[in-house]
Amino acid sequence: MPTDFEKSVYEILKKIPKGKVITYKAIARKLGKKSSYRAVGNALNKNPYGYFAISSEAIGNRRSSIRGDLACHRVIKSNGEVGGFAHGTKRKIKMLEKEGIKIEEGKVDLKKFEFDL
DNA sequence: CATATGACACTAT
DNA sequence: AATAGTGCCATAT
């Protein structure tokens, strides 16, 4: 069972559009808990949705047993590095690139790809 | 209640 | 630029 904190994290994640990313720190800030960025990562790591549940558009895809539309792979570190991923960082990178997000020197240009602010 | 853990962030080297 | 140490916070045990 997801805790309230975890659910609040997932709710914010639903708002991130394809082609954009958000940082763990920004999510924490949006929750009004600017220092909980680390806990945000924990919540995502335990997320009950599969990594393939990348977006609403993926619903219907034969490979996905969609249970939601959380784009967990769109959450990266505040310094632009991709960060971790429960199903492999390599996979996370591929998914991001597939959405048009460029990763150079292992980093994403937040100026260009960060959603909101 | 006390410790340990980790998809992080910052600062100081 | 790269590394190491410190701080943080929700959960698990």
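Owing to the predicted nature of the structure, the values given are computational and were not obtained by experimental measurement. All chains are named by letter (A, B, ...) in the order of the sequence lines, taking the proteins before the strands, and each is independently numbered beginning at 1. When reading the values below, keep in mind they use all heavy atoms of this one structure, side chains included, and skip hydrogens, waters and symmetry mates.
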Practice item. Would you sort out whether A:Val75 and A:Ile16 count as a side chain to side chain contact (heavy atoms under 4.5 Å, CB included), showing the intermediate values? Key: CA-CA 9 Å; A:Val75 186; A:Ile16 311 305; over 6 Å; no

**Study point:** Check: A:Arg38 and A:Tyr24 side chains under 4.5 Å, non-hydrogen atoms
**Key:** no

Review point. Is A:Glu97 paired with A:Lys94 through a side-chain N to carboxylate O contact shorter than 4.0 Å?
Key: no

Exercise for review: Would you mind reporting whether A:Thr23 and A:Tyr37 have side-chain heavy atoms less than 4.5 Å apart?
Suggested key: no

Point to revise | Hydrophobic cluster identity match, A:Leu13 and A:Val40, side-chain contacts under 4.5 Å | key: yes

**Study point:** Between P of B:dG6 and CZ of A:Phe85, the distance in whole Å
**Key:** 18 Å

Check your understanding: Hey, are A:Asp116 and A:Lys30 close enough for a salt bridge, meaning a charged N less than 4.0 Å from a carboxylate O?
Key -> yes

Review point. Does A:Asp109 have any salt bridge (charged side-chain N to carboxylate O under 4.0 Å, His left out) partners at least two apart in sequence or in another chain, and if so, which?
Key: none

Check your understanding: Does the B:dG6 base have a donor-acceptor partner in the side chain of A:Asn42 within less than 3.5 Å?
Key -> yes

Practice item. Return the value, rounded to whole Å, for the distance between atom NZ of A:Lys107 and atom C1' of B:dA9. Key: 13 Å

Review point. Can you list, by residue number, the residues of residues 28-40 of chain A that have a non-hydrogen atom closer than 4.0 angstrom to DNA chain B?
Key: A:Tyr37, A:Arg38

Could you pull out the protein-nucleic contacts involving nucleotides 1-3 of chain C (nitrogen or oxygen on both sides, under 3.5 Å)?
none

